[in-house]
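Okay, so here's the structure we're looking at.
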Amino acid sequence: DTGVSQNPRHKITKRGQNVTFRCDPISEHNRLYWYRQTLGQGPEFLTYFQNEAQLEKSRLLSDRFSAERPKGSFSTLEIQRTEQGDSAMYLCASSLSGPATQYFGPGTRLLVL
Amino acid sequence: AQSVTQLDSHVSVSEGTPVLLRCNYSSSYSPSLFWYVQHPNKGLQLLLKYTSAATLVKGINGFEAEFKKSETSFHLTKPSAHMSDAAEYFCVVSGLEAAGNKLTFGGGTRVLVKP
């Protein structure tokens, strides 16, 4: 079990640029979640997938954000036209269906200058 | 909808003394509750979870938590703090399975352990 992995671990970008993050879940997990954690706060739910289907998006996820999980395995989160307010830690988690524990990756820390 | 309130943003304890981290939750159904720990530059790690079985839940590294429905509380304790316990702790409630088990986190409690 290699756990949930995320790449890159750190990203610095300039305002207005696009960025993309990748999450590789635990292999047998059919659910994948994205959360965002700003400094001094707890993580907040952004979106989740059941296999390749995106089933819910939070109101936090503006139209500049898009997430995909094309083959029901890894997922990408893209932010277009980044803003300074997008600076945060982006966390990915995966789980089985049902009342299962979510296992988190190490996160991608984004800094928008 | 559900919510979680962690009553202390910071807790400072001496090594070898007990640790108490307080958490109250609000939920319109019988929730699943979790405590996660986050060490600097590391991912969230599950300490323990409550899923309507025994109300006293034992976790890793000597932590335990007690679910009290009448008080809507899920406080985390450890009898003797270790230096390695210095980290941020999050109390978490899970949404309904039909709604994808989305997690709602408290604001976190940062634990400082003094030698």
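Letters go in sequence order (proteins before strands), and every chain restarts at 1. Keep in mind that the numbers below use all heavy atoms, side chains included, and drop hydrogens, waters and symmetry copies.
Counting heavy-atom neighbours within 6.0 Å of A/R64 CZ, excluding the residue itself, gives a total above 12.
In this structure, chain B has a heavy atom under 4.5 Å from the side chain of A/Q37, while its backbone stays farther away. When heavy atoms are compared at a cutoff of 4.5 Å, B/L46 approaches chain A solely by way of its side chain, counted from C-beta outward. If you measure heavy-atom distances from B/Q38 to chain A, the contacts under 4.5 Å come from the side chain alone.
The hydrophobic clustering, which links ILVMFWY residues whose side-chain heavy atoms are closer than 4.5 Å, places A/L60 and A/W34 together. A chain of hydrophobic side-chain contacts below 4.5 Å, direct or via other Ile, Leu, Val, Met, Phe, Trp or Tyr residues, connects B/V37 to B/F74. Follow the hydrophobic side-chain contacts under 4.5 Å out from B/L48 and you never reach B/Y36; the two are in separate clusters. In terms of hydrophobic clustering, with Ile, Leu, Val, Met, Phe, Trp and Tyr side chains grouped at heavy-atom distances under 4.5 Å, A/L32 and A/I79 are assigned to a common cluster.
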Atom pairs and distances, side-chain donor-acceptor, residues 53-72 of chain B, under 3.5 Å, sequence neighbours left out:
residue : atom : partner : partner atom : Å
B/K58   : NZ   : B/E64   : OE1          : 2.8

Show the atom names and distances, to 0.1 Å, of all donor-acceptor pairs under 3.5 Å that link a side chain in residues 98-113 of chain A to residues at least two apart or in another chain.
residue : atom : partner : partner atom : Å
A/T101  : OG1  : B/K49   : NZ           : 2.8
A/Q102  : OE1  : A/Y35   : OH           : 2.8
A/Q102  : NE2  : B/N101  : O            : 2.8
A/T108  : OG1  : A/P8    : O            : 2.5

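Applying the salt bridge (Lys or Arg N to Asp or Glu O under 4.0 Å) test to residues at least two apart or on different chains, the pairs with a partner in residues 53-63 of chain A are A/E56-B/K102.
Taking A/M89, A/Q50, A/Q6, A/R31 one by one and counting their heavy-atom pairs under 4.5 Å with chain B, the maximum is reached by A/R31.
Within residues 38-48 of chain A, the residues having any heavy atom less than 4.5 Å from a heavy atom of chain B are, in residue-number order, A/G40, A/Q41, A/G42, A/P43, A/F45, A/Y48.
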